[in-house]
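Remember, it's a predicted structure, so these values are computed and weren't measured experimentally. Because only heavy atoms are used, hydrogens play no part in the values below, and waters and symmetry mates are left out as well, while side chains stay in. Below, chain A is the first sequence line, B the second, and so on; all start at residue 1.
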Amino acid sequence: MSDFKTARDFGRFKIIEITRAAKAAHLASALSCYDMIYYLYNHYMKINAIDDPKRDRFILSKGHAAAALYVSMYQASLLSAEELNSFGSIGSILEEHPSPKLNGIETASGSLGHGLAVAVGMALANKNKNIKNNNIVLMGDGEQNEGSVWEAALFASANSLDNLTGIIDYNKWQATDRSNEVLALNPLSSKWESFGWQSLEINGHDLNAFRDALNFKATGKPKIIVSHTIKGKGISFMEDDNNWHYRLPNEEEMLVIARELNQ
Amino acid sequence: MRNAFAKEVTELAKDNTKIVLLAGDIGNRLFDRFKEQSPQRFYNCGIAEAAMTGIAAGMATAGYTPITYTITPFNTLRCLEQIKLDICYPNLPVTIVGTGAGLSYAGLGATHHSLDDIGVMRTLPNLQILVPGDAIEVSACLRAAVESGRPTYIRLGKKGEPIIHDKDFTYKIGRVIPIKSGARHLIISVGNMLGESMVAVEKAKDKYGLDTEIVSMGSVYPLDKKFLKNAFNKFERILIVEEHGFVGGAGSAVLEYAYEEKLDTKKLTSIACAKSFLSGVGSQENARRKLGLDSDSILAKLTI
């Protein structure tokens, strides 16, 4: 499989451009999970129409990475260039956290710990209706702090929701500190196993590994993909530097970024 | 009221296959008939109200009409942000049912009292708030909520409240429910205070020959503005009786409306609970007496 490098370089540059134009935060958070969201929208999920009841469903539960979602949707022709470029501007429906008022957004996210339960509800409903779709939710590692994540996790395994896939963007950082130091996150994969989920651990920037994990059939139980990622992935001076949770690049840094991303 | 809820939700779910009932590990045997009739549409979500609320929202986005059910404080304040963001923000057809509101569970202590739910829920955009006064009103409100296809909170008492209506009726959300017409004085009874308010009205007639009008409020949001506007013209005194704190409660909602419309707020009397954590109140009956919510206290306010 091609690793879609050209498309991903373009997408990363777009994320940085629109985030910078909007003077928005969370650039590094978006770059961390962008590869997976790009792959989901452009090479994996089946969305014939955004209101098709049989569509695959995706929730970006770590809503602060909205720029990665919008760029991926744009690349999948679910958003126009004009819409994408309006990100964060006055009157735009593309806010810094996804709004349910935007077509194609399945639920409001931004307050952490909400997305999994909503995805569980979708998976349960679709299972009852015998709709054979994928119900996918991407969470942050910091988001695993929220108790509501674990409430929903227990319900999903109790109800054998094998049409539900959780993804954790495990970049080892939360807003102000290392995610394994703030709370006792490790061992994350076996925590999910002990909650009754099938757990798979991959490099979240390796799209072949991601594809295989998505295709893995976990019979009778929900599946979690613990994806090891790098915050700020793709830009040499941003990678694993948590300052870019809030910072934006200046003109000089933009020249380096353009060069590194072949733009 | 809770038995009426169980009966009505079972009836509704018979024909309406979109209805799913999500319960927070409560109602032992209460939903046996529902489970027997629609086993694929009942879920015990465990003691996990935040998840239950999010799951309801997810099911609603996939075409279901979910109803969540547990004890009032746990189905409102405990999962407030899920109600706000998962249900109200996308304006989804989920009905949140809180049982044992107010001082229904007086003896269980302050953890189980709910004297703040209306006030808190009233701050959420898109959320209808219904306060049925007896078992018949419970059925009517539930049907109206499901029919509306909008986020709705229904505040129930417990079981065994006196039945005031003699027959079933169709409820229109945003309207008061007329009980008995009268002159000079009006009582707006909120939810489970209807029985007590009725006794006060009867005592007022027997003791003082007063012909008091009484309505069951039915809906705190939206308010029946037309009725209220007329009421401020027609009556000398308007009493709002609620087993809820004054701050943010139904009386406060009417006061806000009267203020906006520059109506004569001097006509208003709120009979509500003081802001405190109650302890040692024992029964609901005793708690009402202590807080001035019993029929004699209502009567006293009516005849001042």
Discussion item. Tell me the closest heavy-atom pair linking B:A51 and A:A117, and the distance in Å.
Written reply: O-CB, 3.8 Å

Discussion item. Restricting to non-hydrogen atoms, name the atom on B:Q40 and the atom on A:N128 that form the minimum distance, rounded to 0.1 Å.
Written reply: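 Residues B:Q40 and A:N128, closest heavy atoms: O-ND2, 3.3 Å.
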
Quick one: pull up [atom1] in [X] and [atom2] in [Y] and give me the separation to the nearest 0.5 Å.
X	Y	atom1	atom2	result
A:L124	B:Y43	CG	OH	4.0 Å
B:T61	A:M122	OG1	CE	3.5 Å
A:F155	B:N44	CZ	CG	9.0 Å
B:L85	A:H97	CG	NE2	11.0 Å

Take a 6.0 Å sphere around [atom1] of [X] and say whether it holds more than 12 heavy atoms from other residues, nucleotides or ligands.
X	atom1	result
B:K159	NZ	no
B:K7	NZ	no
B:R33	CZ	no
B:K84	NZ	no
A:E201	CD	yes
B:N28	CG	no
B:R41	CZ	yes
B:R122	CZ	yes

Worksheet entry | side-chain contact (heavy atoms from CB on, under 4.5 Å) partner of B:I55, chosen from A:V120, A:N159, A:V118, A:L116 |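 With B:I55 as partner, side-chain contact (heavy atoms from CB on, under 4.5 Å) holds for just one option, A:V120.
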
Worksheet entry | Proximity breakdown for A:K129 and chain B, heavy-atom pairs closer than 4.5 Å | both

Worksheet entry | Contact origin within B:E81 toward chain A - heavy atom pairs under 4.5 Å |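 When you check distances to chain A, atoms from both the backbone and side chain of B:E81 fall under 4.5 Å.
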
Item to complete: Give me the contact list for residues 107-118 of chain B versus chain A, heavy atoms only, anything under 4.5 Å, ordered by residue number.
Response: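 Listed by number, there are no contacting residues, so the answer is none.
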
Worksheet item: Taking every heavy-atom pair that is under 4.5 Å apart, which of A:P53, A:S148, A:G110, A:S111 has the most such pairs with chain B?
Response: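 Greatest number of close heavy-atom pairs with chain B: A:S111.
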
Discussion item. Counting heavy-atom pairs under 4.5 Å with chain B, which one of A:S109, A:A125, A:A153 comes out on top?
Written reply: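 Answer, by heavy-atom pair count under 4.5 Å with chain B: A:A125.
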
Discussion item. Is the shortest side-chain heavy-atom distance between A:H114 and B:Q82 below 4.5 Å?
Written reply: yes

Discussion item. Checking side-chain polar atoms at under 3.5 Å, does A:T107 have a donor or acceptor matched by the opposite partner on B:Y89?
Written reply: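 On atom types as modelled, these side chains do not qualify, holding no pair under 3.5 Å.
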
